[in-house]
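Let me begin by presenting the structure, written as structure tokens, before commenting on it.
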Amino acid sequence: KKGTKKGLIILVLAIIAGVVAGYMGGSNLFASIPEDSVEKVFSAEGMSIVLTDSFYESDMESGYTVMYDSANVVVFALKEDFSFIEGSENYTLEQYGEAVLINNSMTDTEYQHTDGLTYFTYDATNPDTNVDYTYYAFIFKVDDVFWLVQFATFAEEADHYYPQIIEWAKTIQFYK
């Protein structure tokens, strides 16, 4: 039974990674966020985040709980109930993140801690377009769920957007 759950997790994460790669390759993402954009609160499924009015909630079937799009940064949020992984109610943020990393063959990624946030970064190349992206994946544990909130941008833009991504991640809140 444990192997079946692990296999299911791997399958789901592989599907999500494929959908994200396909989505990013086929969209008009990643122009620039206008400097005159204003803050805007987005809420869905018990999570809120303050982004800008340059973002919109994407209705694409992605496998994620919610997805927010802008011209140059995309936010993917995945809510996973503890029942998805047996015993995960006792997991730390790092243990949950380790399960995500192992199931996605990213064992050389290290955790970072900034301003009370736990996250890891990774790069991925869209095989259809050969475009490189950098992802910042933030991990949260709330009541009976884990949240994995990922921000993605062009790899060459990652250093530029990193400070803003940290600020956006710090605005994430959870409610019932």
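What you see is a predicted model; the values in this text were computed from it and never measured. Quick note: numbers below take in every heavy atom, side chains included, and nothing from hydrogens, waters or symmetry partners.
- Taking Y136 as the reference, Y162 meet the ring pair (Phe, Tyr, Trp, His ring centres under 6.0 Å) condition, with sequence neighbours excluded.
- The distance between the ring centers of F138 and F151 falls below 6.0 angstrom.
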The test is side-chain contact (heavy atoms from CB on, under 4.5 Å); show your working for H113 and E94 and say whether it passes. CA-CA 11 Å; H113 301 278; E94 288 83 1; 2.9 Å; yes
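- For the salt bridge (charged side-chain N to carboxylate O under 4.0 Å, His left out) condition, the pairs that include at least one residue of residues 161-176, sequence neighbours left out, are D115-K170, D143-K176, E167-K170.
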Could you go through E39 and T171, starting from their C-alpha distance and side-chain angles, then the distance that decides it, and tell me whether this counts as side-chain contact (heavy atoms from CB on, under 4.5 Å)? CA-CA 11 Å; E39 289 186 345; T171 71; over 6 Å; no
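- For the residue pair T114 and Y119, a side-chain donor N or O sits within less than 3.5 Å of a side-chain acceptor on the partner.
- Checked against the 6.0 Å centroid threshold, Y68 and F55 do not count as a close aromatic pair.
- Closest approach of L148 and I139 over heavy atoms only: CD1-CG1, 4.0 Å.
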E80 and Y96: side-chain contact (heavy atoms from CB on, under 4.5 Å), yes or no, with the steps? CA-CA 10 Å; E80 286 194 296; Y96 170 76; 2.3 Å; yes
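- In terms of modelled atom types and a separation under 3.5 Å, the side chain of S70 and the main chain of V73 share a donor-acceptor contact.
- Across all their heavy atoms, V41 and S48 have their closest contact at CG1-CB, 4.3 Å.
- Judged purely by atom type and a 3.5 angstrom limit, T65 uses its side chain to pair as donor or acceptor with the backbone of K79.
- With a 4.5 Å cut-off on side-chain heavy atoms, L101 and M106 count as touching.
- By the criterion of side-chain heavy atoms lying less than 4.5 angstrom apart, applied directly or through intervening Ile, Leu, Val, Met, Phe, Trp or Tyr residues, W147 is not grouped with V50; the two fall into different hydrophobic clusters.
- Atom CD of Q173 has 12 or fewer heavy atoms from other residues, nucleotides or ligands within 6.0 Å.
- Using a distance-only test at 3.5 Å, with no hydrogens or angles considered, a donor-acceptor pair links the side chain of D81 to the main chain of S83.
- When the shell of 6.0 Å around CG of D144 is examined, it contains more than 12 heavy atoms from other residues, nucleotides or ligands.
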Given side-chain contact (heavy atoms from CB on, under 4.5 Å), test F120 with V100 step by step and report yes or no. CA-CA 11 Å; F120 57 91; V100 171; 4.2 Å; yes
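- Nearest heavy atom pair, residue Y175 against residue E45, reads OH-N, 4.3 Å.
- A donor-acceptor distance shorter than 3.5 angstrom exists from the side chain of D53 to the backbone of V38, with no hydrogens or angles considered.
- Taking the six-membered ring for Trp and the full ring otherwise, the centers of F146 and F82 sit less than 6.0 Å from each other.
- By the side-chain hydrogen bond (donor to acceptor under 3.5 Å, both in side chains) test, Y111 is found to be paired with no residue, residues two or more places apart in sequence or in another chain being considered.
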